[in-house]
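Right, one structure below, let's go through it.
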Amino acid sequence: MNVQQIKVLMIRELKDLRFNGQVLLLFFTAFAMIFFIYVLNNLTITFSNEQITFFKGMTSLLSFISILVTMYTQGNLMVEEKEQGTGILYRLMKIRRINIFLAKSIVTYSMSYLLFTIGMIIYGYSLAQILMASIFTIPIFSMWLLIGTAIAEYAKNTIDVSLYGWPIMIVYFLIEGFVYSSLLNKLTILFPNYHIERGLTLIENDDFTSGLKFMIVPFIWGGIALLFLIKKREKKVSIEA
């Protein structure tokens with residue numbers, strides 16, 4: 001890992017963001033969701049005599065930020081190397097791929113946490129709650145960042161990133177709907193949605209110690225995403241060799 005390379009690459013990414021229409025659109029869409037969810041908080045519909053709640057405060061906002069900004073932004077930033085042909089240039093300059101990944105990841109994390117912090121302030125979180133929620137969300141943001149990176153490995157361009165991300169987004173929000181209801185209650189405990197909702201609720205109630213316990217399952221899912229990405233990279237490297 002070369003810190004100087006990462007710094008230079010990160011500055012380049014930040015400058016390029018001004019002209020990256022897709023990433024800016026995702027960012028401002030997520031920003032608009034802060035106010036949209038605030039207005040439609042706890043919207044409930046009835047399905048088969050069961051009530052399903054959507055837009056549940058910070059939990060729902062975290063999901064939108066994680067997908068729209070963390071997953072899609074990371075996927076778009078990573079796949080741009082294929083579209084623009086800069087990946088070949090970086091190899092000639094002997095810039096390691098891990099440095100490229102870290103530089104783009106820092107930019108993605110920064111955008112995600114900026115929106116999440118703004119949301120927590122608007123939703124009335126205290127400073128202590130903001131700090132604990134920021135720690136609590138590390139595994140879920142990391143999971144989505146790795147998923148976005150994995151999508152970029154399969155995609156040829158940013159259009160592919162959008163297409164590949166849609167099924168993942170739909171399934172995740174469908175599970176989240178089940179978490180807010182009694183439907184499939186025993187199965188939802190296996191997914192990060194359940195633990196994110198429970199953990200943030202405890203943090204909102206200032207029960208920080210109990211809330212942090214719900215980081216375990218998101219960490220496991222993040223580990224699964226990391227292993228999947230590593231296997232994909234190993235397979236790609238073996239083919240290129």
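Hydrogens, waters and symmetry mates are skipped; everything else that's a heavy atom, side chains included, is used.
Minimum heavy-atom separation, L17 to V23: CD2-CG1, 3.6 Å. Minimum interatomic distance between A30 and L61 (heavy atoms only, all atoms of both residues): O-CD1, 4.3 Å. The heavy-atom pair separating Y164 from P167 by the smallest distance is O-CD, 3.4 Å. Of all heavy-atom pairs between L146 and A225, the closest is CB-CB, 4.0 Å. The minimum heavy-atom distance between A155 and D160, with the atom names listed, is CB-CB, 3.4 Å. When all heavy atoms of I6 and A103 are compared, the closest pair comes out as O-CB, 3.7 Å.
In terms of hydrophobic clustering, with Ile, Leu, Val, Met, Phe, Trp and Tyr side chains grouped at heavy-atom distances under 4.5 Å, L25 and W166 are assigned to different clusters. Cluster membership for V8 and L102, using ILVMFWY side-chain heavy atoms within less than 4.5 angstrom, is not shared. Under the 4.5 Å side-chain heavy-atom criterion for Ile, Leu, Val, Met, Phe, Trp and Tyr, L24 and V69 are members of the same hydrophobic cluster. A single hydrophobic cluster is seen to contain both F31 and I121, as judged by linkage of ILVMFWY side chains at heavy-atom distances under 4.5 Å, directly or through other members. L131 and F141 fall into different hydrophobic clusters, where Ile, Leu, Val, Met, Phe, Trp and Tyr side chains are chained together by heavy-atom contacts under 4.5 Å.
Within the 4.5 Å cutoff, the side chain of R198 has no heavy atoms near those of the S210 side chain. Taking the side chain as every heavy atom from C-beta outward, P192 and Y172 approach each other to under 4.5 Å. In this structure, the side chains of L9 and E13 stay at 4.5 Å or more apart for every pair of heavy atoms. Using a 4.5 Å cut-off on side-chain heavy atoms (C-beta onward), I130 and S134 make contact. Taking 4.5 Å as the limit, every side-chain heavy atom of I140 sits out of range of all side-chain heavy atoms of H195. In this structure, the side chains of L229 and I147 stay at 4.5 Å or more apart for every pair of heavy atoms. Counting heavy atoms from C-beta outward, N20 and L77 have side chains that approach closer than 4.5 Å. Put simply, the side chain of R18 reaches to within 4.5 Å of the side chain of K15, judged on heavy atoms.
Atom CD1 of residue I196 and atom OG1 of residue T201 lie 10.5 Å apart, to the nearest 0.5 angstrom. In this structure, CG in L62 is found 11.5 Å from CG in L115, a value given to the nearest 0.5 Å. In this structure, the separation between CG on N193 and CH2 on W221 is 9.0 Å, given to the nearest 0.5 Å. M58 contributes atom CE, which lies 8.5 Å from atom OG1 of T137 (distance to the nearest 0.5 angstrom). Interatomic distance, S66 OG to L145 CG, rounded to the nearest 0.5 Å: 10.5 Å. Interatomic distance, I203 CD1 to L212 CG, rounded to the nearest 0.5 Å: 6.0 Å.
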- [ ] Apply the test side chain to side chain contact (heavy atoms under 4.5 Å, CB included) to residues F173 and I67: give CA-CA distance (whole Å), side-chain angles for both, the deciding distance (0.1 Å), then the verdict.
- [x] CA-CA 10 Å; F173 279 119; I67 294 173; 3.6 Å; yes
Task: Worked verdict on T149 versus Q74 for side chain to side chain donor-acceptor pair (under 3.5 Å) - done: CA-CA 6 Å; T149 305; Q74 183 71 2; 3.3 Å; yes
- [ ] With ring-ring contact (aromatic ring centres under 6.0 Å, His included) as the test, would you mind laying out the steps for F64 and F36 before giving the verdict?
- [x] CA-CA 11 Å; F64 276 102; F36 185 76; 8.0 Å; no
Task: Working for salt bridge (Lys or Arg N to Asp or Glu O under 4.0 Å), residues K231 and E153 - done: CA-CA 11 Å; K231 289 293 183 182; E153 290 292 323; over 6 Å; no
Task: Derivation of the side chain to side chain contact (heavy atoms under 4.5 Å, CB included) call for I151 and I168 - done: CA-CA 10 Å; I151 289 174; I168 298 172; 3.8 Å; yes
Open item on the list: Test side chain to side chain donor-acceptor pair (under 3.5 Å) on T158 and E80; report intermediate values, then the result.
Closed with: CA-CA 7 Å; T158 53; E80 282 178 352; over 6 Å; no
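In this structure a side-chain-to-backbone donor-acceptor pair under 3.5 Å is present from Q129 to S126. Within the 3.5 Å criterion, the main-chain N or O of I159 finds a donor-acceptor partner in the side chain of N157.
Note: Y72 and W144 fail the aromatic proximity criterion, with ring centroids not under 6.0 Å apart. Aromatic pair F208/F136: ring centres not closer than 6.0 Å.
Heavy atoms from other residues, nucleotides or ligands lying under 6.0 Å from OH of Y109 number more than 12. By the neighbour-count criterion of 12 heavy atoms within 6.0 Å, atom CZ of F35 is densely surrounded, having more than that number from other residues, nucleotides or ligands.
Salt-bridge check for K104 with E81: passed, with a basic side-chain N closer than 4.0 Å to an acidic carboxylate O.
Donor-acceptor pairing under 3.5 Å is lacking for the side chains of Y123 and E204.
When I65, I118, T108, I138 are each tested for a side-chain contact (heavy atoms from CB on, under 4.5 Å) with Y113, only one passes: I138.
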